[in-house]
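Worksheet: one structure, shown below.
Order of listing sets the numbers, starting from 1, for every ligand and every atom in it.
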Amino acid sequence: MSAHREAVPAVGAPFVRCEELVRIYKVADLEVFALQGLDLEVARGELVAIVGNSGSGKSTLLNILGGLDRPTAGRVSVGGKDLLRLSGAEMLRYRRDDVGFVWQNPSRNLIQYLTVQQNVELPLLLAGRLDGAGRKWAAQLVDAVGLGHRRAHHVSELSMGEQQRAAIAIGLSNRPGLILADEPTGSVDNANAEAILDVFHRLKEDFGTTVIIVTHDPRVSTLVDRVVGIRDGKASMEFLRSSGPVAAGAGERREHDEYVMLDRAGRLQLPPQVLEELGDARRLRVSWEDGRVVLLPHAGS
Ligand code: ADP
Ligand code: MG
């Protein structure tokens, strides 16, 4: 195996890095631009939500990060691995060992006729790692997602929220460094949505797991450290938790400051409310004044 695949990211380097990712789907004679030059960096141990409307490219991004799909152009690396340079066998190993998936529909993760504990043990069994320590780890995970009292129940006996939490434990059983969750709160009530986010916070704090959630659920935005807004296949806005005392619990709402993202080519997307104020103005004068970038609409433009 060549050296770059084993490379450890430099100190301070982002754990996940997407540069100018493009994904074009060809449907008959049409080209659908699902990702249009998306830039994204996520630090190790960060809990990020990528929020956007349906069709904005969220699942496409997640599939690429999880090694289930390849971009049409651009670069993507996770933990120092360049995903575009992995061979087929390396990609299989990456999917099995390095990433864990949590899908919107938990049944995609769960086997109904197995118990919760057996479901969590299954990925270890398939990887040939189910020994005493593995069973203990699976039990710990079941406890961590708050299902200790449901350990011996079959999945079919669980509520939707409980199934989603079991799915998270399964996604984690191989100790992946990266969890990818596609609309994990899509089919649960508020209390369960908060419980699920609580589990993600605990993973991050206890195991240093990096968690990327994609969702159109605005409830999630208030429960994470950073929100990346995605629009038309591009990261357009960021919401960072306001400075001030960092709260320990995940359950409480977080205040966020709003930022517009400038891409590598210097392009930015103005927020919809600013566009509305601008009306038809398409020509803006740009100036740098005392550390501020000022955009001045040209009269009559
Ligand atoms: P989201 O998850 O944000 O709803 P997707 O990533 O699923 O968005 O889709 C982004 C765009 O790409 C949409 O216009 C969608 O119709 C299109 N798309 C997604 N997957 C495919 C596919 N396999 N073939 C063709 N078009 C696709
Ligand atoms: Mg989707």
Side-chain angles (χ1 to χ4, degrees), residues 16-42 46-78 83-84 88 91 94-95 99-110 160-161 163-164 167-168 170-171 176 178-188 192-193 196-197 200 210-224 226-239 258 260-261 263 267 269 271-272:
V16 174
R17 170 179 273 165
C18 300
E19 289 173 84
E20 299 177 49
L21 273 193
V22 174
R23 179 66 169 100
I24 302 170
Y25 292 108
K26 286 220 161 76
V27 185
D29 281 344
L30 280 180
E31 288 189 333
V32 179
F33 285 73
L35 297 179
Q36 307 198 46
L38 179 130
D39 294 318
L40 176 72
E41 293 188 347
V42 180
E46 207 183 354
L47 171 55
V48 177
I50 297 177
V51 178
N53 292 334
S54 173
S56 55
K58 303 182 299 293
S59 296
T60 302
L61 172 64
L62 221 59
N63 286 336
I64 291 173
L65 287 175
L68 298 170
D69 188 18
R70 280 174 188 266
T72 311
R75 286 172 297 283
V76 52
S77 67
V78 176
L83 295 195
L84 296 179
M91 194 55 115
Y94 170 77
R95 288 208 294 263
V99 281
F101 284 97
V102 179
W103 307 102
Q104 173 174 4
N105 182 352
S107 63
R108 196 162 166 187
N109 283 62
L110 300 169
M160 206 56 166
Q163 289 196 21
Q164 193 54 283
I168 295 170
I170 292 164
L178 177 64
I179 286 280
L180 302 171
D182 197 345
E183 308 276 4
T185 57
S187 34
V188 301
N192 265 299
I196 287 166
L197 265 297
F200 286 137
T210 308
V211 183
I212 300 180
I213 302 170
V214 305
T215 184
H216 67 273
D217 183 353
R219 291 177 303 185
V220 171
S221 317
T222 58
L223 301 168
V224 297
R226 178 161 68 112
V227 179
V228 176
I230 182 171
R231 233 164 85 202
D232 299 329
K234 233 169 141 56
S236 60
M237 306 282 297
E238 281 206 6
F239 305 86
E258 191 176 317
V260 170
M261 302 310 289
D263 79 5
R267 289 173 293 230
Q269 271 186 326

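- No side-chain donor from either of Thr72 and Tyr25 sits under 3.5 Å from a side-chain acceptor of the other.
- Around the Mg ion (ligand 2), protein N, O or S atoms at less than 2.8 Å number 1.
- Interatomic distance, Ile230 CD1 to Asn53 CG, rounded to the nearest 0.5 Å: 10.5 Å.
- By the 4.0 Å N-to-carboxylate-O rule, Lys234 lies close enough to Asp263 to be salt-bridged with it.
- Contact residues of ligand 1 (protein heavy atom closer than 4.0 angstrom to a ligand atom; sorted by chain and number): Tyr25, Val27, Val32, Ala34, Asn53, Ser54, Gly55, Ser56, Gly57, Lys58, Ser59, Thr60.
- We find the OG1-CG distance between Thr222 and Leu197 to be 7.5 Å, quoted to the nearest 0.5 Å.
- In this structure, CZ on Phe101 lies 8.5 Å from CG on Leu178, to the nearest 0.5 angstrom.
- If you run side-chain contact (heavy atoms from CB on, under 4.5 Å) between Val76 and each of Leu61, Ile64, Leu38, only Ile64 comes through.
- In plain terms, the two heavy atoms of Glu46 and Arg226 that are nearest each other are OE2-NE, 2.7 Å.
- A distance of 13.0 Å separates CZ of Arg17 from CG of Leu83, quoted to the nearest 0.5 Å.
- Once rounded to the nearest 0.5 Å, the distance linking CG of Leu110 with CD1 of Ile170 reads 4.5 Å.
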